[in-house]
2 protein chains.
Amino acid sequence: MGERAHRPTVKEVAQRAGVSPMTVSRTLSGGRNVKPEVQERVLAAVAELGYHRNENARSIRPGHSSGLIGVAITNIANPYYGTFALGVEEEAALAGRRILLGNTSEDASREAELVGDFLGRRVDGLVVVPAAASSAHLEHSQRQGVPVVLASRRIEGLEADSVVLADEDGAFRGTIALIDRGHTRIGYLGNALSIFTGARRHTGYLRALASRGLRADPRLVATAQQTVDQAREATRALLRAENPPTAIFCANNRNAIGALKEIGVQLATGLRTADAFPEIVSFDDFELAELSPVPLSVIDHDPRELGRTAARLLLDRLDGGGGEAAPREIELPVSLRLGVR
Amino acid sequence: MGERAHRPTVKEVAQRAGVSPMTVSRTLSGGRNVKPEVQERVLAAVAELGYHRNENARSIRPGHSSGLIGVAITNIANPYYGTFALGVEEEAALAGRRILLGNTSEDASREAELVGDFLGRRVDGLVVVPAAASSAHLEHSQRQGVPVVLASRRIEGLEADSVVLADEDGAFRGTIALIDRGHTRIGYLGNALSIFTGARRHTGYLRALASRGLRADPRLVATAQQTVDQAREATRALLRAENPPTAIFCANNRNAIGALKEIGVQLATGLRTADAFPEIVSFDDFELAELSPVPLSVIDHDPRELGRTAARLLLDRLDGGGGEAAPREIELPVSLRLGVR
DNA sequence: CTGTTAGCGCTTTCAG
DNA sequence: CTGAAAGCGCTAACAG
């Protein structure tokens, strides 16, 4: 397999083409001031040897950059973030850049480590879905001239470009939709309020209730679920309550999927019919939403576009010369799709 | 934001600590042969300046490697591959390595480009879900001493470590299960037969039919769907056929989800009841499978484990000294989960 | 225990 | 149009 474990260098290419390393370098950088026939010889040597410029060596020269973008997300396995990463990757690839991907598992110290590592690899910039509100490591990055773009979540007090969703607006409208359909006991399943989106969506939910003169019942609110299984468990608890909700607002797809799974399983026992179970609104669309056994509406948005936008914000700052411009804060709209099922 | 756009170097740290660059270097590499009190001074300077070793500069020194693993997958947006990437990332992180991620969109030339770029960045190795059977660029990588691990799909004639699923076995068992439930007209939805998994799963399906004396009806076989929407379309065509199938074998999650969506939508019209629709077997589990409106069985496996295994094969070759060992070909078992719904 | 020298692969001067 | 020299940030190897 790796018999001839050797990566050719400029020198070897030069030797083979009978020129100096500089001529090879020039040829590979566009060929300005190199006789066409010499270029041909160089290119031939490159092909024969299978030469690839060492980008790491290039990147240590002053002025040159690594062409790398560090991407730190909280959970690649969530298709939402996978799609987000795809958006970043696409846009980065268009600008000739590559992404370094790391998973933080929603862990702040892991994120700090990751950022440190990224800086060591001389990334040109960072796209981060922050795991927590701590920002020392991100400020550090900025101070070294490595811009940071926050995606999906902002951090209080950190001056950085950011792109987030209209969380509160979406949650508000979704909850209002439930109230309009006659519900007054509306449960809430979301992630921790300490998380940016968690807090904003919860606020939207509360504001909707208040705007219609409804009082929130804290016993119907669960905000600690990170996984589908935890969401199922929370749903089970909600359904077992004395006076269970007739509708549930799910603040993200993990929770909506957990709720629907639990409802599906309980339905399969045949003890109760579908209309005995709560109607659902989900922040985040997800696959097979249309198979929901209960009425379902979805607050829809495009994670890929979120990724693209984050990348574009970063690339603008890197290539667009706007290195010192004021932070841009973008809020992407969401759309309410009623009665997906 | 980037006011003091400056990344400190060893020299500056050395100066600040009143030592030579070598002492800084030694301290950062474990501190062998450096007086503890001097180490402290160095570490203090590092912290004050926010110094990070330039990994790119380190990696050009002989013997040192980049610590990067190039990962080329066909579609990050598919949660299956997202989870796969997570597995690779996890295992790489345990070995102190980072992943460079690229998306090929199932496009062979894009894959070749990506591999070239990865080589330029001096990755230690490659994990590839090959988009096509072409392997020149991968052999090239191996020749330069950069090992390649193939995941999910193998390439005929390429000597490389690989980890794939028991595609044929799974498809065989899934199809047999349908036959055992009395079905004789069994449709097939899969991706192109030119794709490794496509061919293997199709073979398993055919072999199952043949083993029970059933003849495959080519009009019930569709093998060109890459997306959920294409799968829906294909399902619609199948259901509209003169003598429609009473069961469908779906060779991947895109196709199963498309089929279930189409069935769900048709059911919602109320023209026919659920038992008028075909029973489904899906190769690949997926979220909300339990909400299927028709009986569903699943050929289950763990993409994260696939990713971990691929990474481990690569790391073994890199760190385990087994640089020249014969290629290892792993086939992960799959499990048939009958009656998920 | 610490510093000096040299050179990794590359490219920006500066001379031809 | 082409090459020689110098140095990017870092660390083996060799003094001391």
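Naming: A, B, ... by sequence-line order, numbering from 1 per chain. Below, all heavy atoms of this structure are taken into account, side chains as well, without hydrogens, waters or symmetry copies. Everything quoted here is computed from the prediction, not taken from an experiment.
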Under a 4.0 Å N-O cut-off, is there an ion pair linking B/Asp302 with B/Arg308? no
Mind calculating the distance between CD (B/Glu12) and P (D/dG9) to the nearest angstrom? 8 Å
For A/Arg7 and C/dC8, what is the distance between atoms CZ and P respectively, to the nearest whole Å? 16 Å
Return the value, rounded to whole Å, for the distance between atom CD of B/Gln144 and atom P of C/dG9. 13 Å
Identify which one of B/Arg312, B/Arg317, B/Arg154 satisfies the salt bridge (charged side-chain N to carboxylate O under 4.0 Å, His left out) criterion when paired with B/Asp161. B/Arg317
If you only use heavy atoms from C-beta on, which nucleotide in C/dC10, C/dC8, D/dC10 is closest to the side chain of A/Asn54? C/dC10
What is the bend of the helix from C/dC1-D/dG16 to C/dG16-D/dC1 when you compare the axis at one end with the axis at the other, using five pairs each and rounding to 10°? 40°
Enumerate the residue pairs fulfilling salt bridge (charged side-chain N to carboxylate O under 4.0 Å, His left out) with a member in residues 9-20 of chain B, sequence neighbours excluded, ordered by first and then second residue. B/Arg16-B/Glu48
Let's test your reading of the model: under 3.5 Å, does the base of D/dC10 pair with the side chain of B/Arg61 as donor and acceptor? yes
To the nearest Å, give me how far apart CZ (A/Arg41) and C1' (D/dC1) are. 13 Å
Whole angstrom value for the distance that separates C1' of D/dC8 from NE2 of B/His6: 13 Å
Whole-Å gap separating C1' (C/dC8) and CD1 (B/Ile60): 5 Å
Looking at A/Gln15, I want to see if its CD is surrounded by more than 12 non-hydrogen atoms of other residues, nucleotides or ligands under 6.0 Å. no
Without decimals, in angstroms, what is the distance between B/Arg122 CZ and C/dC10 C1'? 11 Å
Close approaches to DNA chain C from residues 15-40 of chain A, in residue order (heavy atom, under 4.0 Å): A/Met22, A/Ser25
What integer distance in Å separates B/Lys11:NZ from C/dT5:C1'? 13 Å
In terms of side-chain geometry, is the basic nitrogen of A/Arg53 or B/Asp117 positioned less than 4.0 Å from the acidic oxygen of its partner? no
Inspect the contact between B/Arg110 and A/Glu89 and indicate whether a charged nitrogen and a carboxylate oxygen are less than 4.0 angstrom apart. yes
Quick one: does B/Val123's side chain get under 4.5 Å of B/Ile69's, heavy atoms only? no
Go through B/Glu90 and B/Arg304 one step at a time and tell me if the salt bridge (Lys or Arg N to Asp or Glu O under 4.0 Å) criterion holds. CA-CA 9 Å; B/Glu90 279 179 343; B/Arg304 188 164 172 178; 2.5 Å; yes
Please determine if a side-chain N or O atom of B/Arg53 lies less than 4.0 Å away from the OP1 or OP2 oxygen of D/dT11. yes
Electrostatic pair B/Arg153:B/Glu106 at N-O distance under 4.0 angstrom: yes
